[in-house]
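Below is one structure; the comments refer to it alone.
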Amino acid sequence: MTAYDPNNIFAKILRGEFPCYKVYEDDHVIAFLDIMPRTPGHTLVIPKAPARNILDIAQEDFAHVARGAHKIAQAAKQAFQADGMTIAQYSEASGGQVVFHLHMHVMPRHDNVGLLPAASRKEDPKVLEDNATKLIAALAAL
Ligand code: AMP
């Protein structure tokens, strides 16, 4: 497998070299909004540990990401009045991965509303700001 590239965009976000709509951080993970959301509130949870995907991440580091995704899902249900949740993690190009720092997608779902195609539309920054505010408030209320 190709080695981890520390210049990927999510590594830059982790180092504070690139902005993001951060909603959550602990010792092991950060979570921020996807700027091309497939559903309103689409959030990405990433480990602070460098890992390309499920094929090279340490079990413990993946467990931290799963815990983070669980927390985001609970808050997103409240923040976006979601009926359901889709959690996804793509590994390697053949698995649909585009950014090669492991990330778990948390996508709030509503009855009878489909997912937008991946990377089909950049969201309005104002909408992202509002959604981040809602999610942060819901996380604080957990
Ligand atoms: P994947 O196919 O799992 O690698 O998905 C990568 C995801 O990252 C896509 O959903 C993109 O919309 C999202 N994305 C790419 N660049 C950024 C960024 N700078 N900030 C937030 N999300 C991003």
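Every value quoted in this text rests on a predicted model; they were computed, and no experiment measured them. Remember, it's 1-based here, ligands and their atoms both numbered in the order they're listed.
Of the heavy atoms in His103, only side-chain atoms (C-beta onward) come closer than 4.0 Å to ligand 1. With a 4.0 Å heavy-atom cut-off, ligand 1 is reached by the side chain of His105 but not by its N, CA, C or O. Residue Phe100 does not touch ligand 1, judged by heavy-atom distances below 4.0 Å.
A distance of 10.5 Å separates CD1 of Ile87 from NE2 of His105, quoted to the nearest 0.5 Å. Separating the CE atom in Met107 from the CZ atom in Phe80 is a distance of 13.5 Å, to the nearest 0.5 Å.
Residue contacts with ligand 1: Val99 is placed with a nitrogen or oxygen under 3.5 Å of a nitrogen or oxygen of the ligand (distance criterion only). Taking distance alone, with nitrogen or oxygen atoms compared against 3.5 Å, Phe18 stays at or beyond that limit from ligand 1.
For Asp130 and Lys126, the salt-bridge test passes: some basic side-chain N is under 4.0 Å from an acidic carboxylate O.
Remark: minimum distance from atom 2 (O) of ligand 1 to any protein heavy atom is reached at Gly96 O, 2.9 Å. Protein heavy atom in closest approach to atom 16 (N) of ligand 1: Phe10 CE2, 4.2 Å. Taking atom 9 (C) of ligand 1 as the reference point, the nearest protein heavy-atom neighbour is Asp34 OD2, 3.3 Å.
Taking every heavy atom of Leu33 and a limit of under 4.0 angstrom, the matching atoms of ligand 1 come to 21 (C). Atoms of ligand 1 lying under 4.0 Å from at least one heavy atom of Leu44, given by number and element, are 8 (O), 22 (N). Of all atoms in ligand 1, listed by their number and element, those nearer than 4.0 Å to a heavy atom of Val98 are 1 (P), 2 (O), 4 (O).
When Leu102, Asn53, Ile35 are ranked by how near their heavy atoms come to atom 18 (C) of ligand 1, first place goes to Ile35.
In the displayed structure, Lys48 atom NZ is contacted under 6.0 Å by more than 12 heavy atoms of other residues, nucleotides or ligands.
At a cut-off of 3.5 Å, with distance as the only test, no side-chain donor of His103 or Tyr90 sits close to an acceptor on the other residue. With hydrogens and angles left out, the side-chain atoms of Arg67 and His64 include a donor and acceptor closer than 3.5 Å.
What you find for Ala79 and Ala138 is that their closest heavy atoms are CB-CB, 3.9 Å.
With hydrogens and angles disregarded, a donor-acceptor distance shorter than 3.5 Å links the side chain of Thr39 to the backbone of Pro108.
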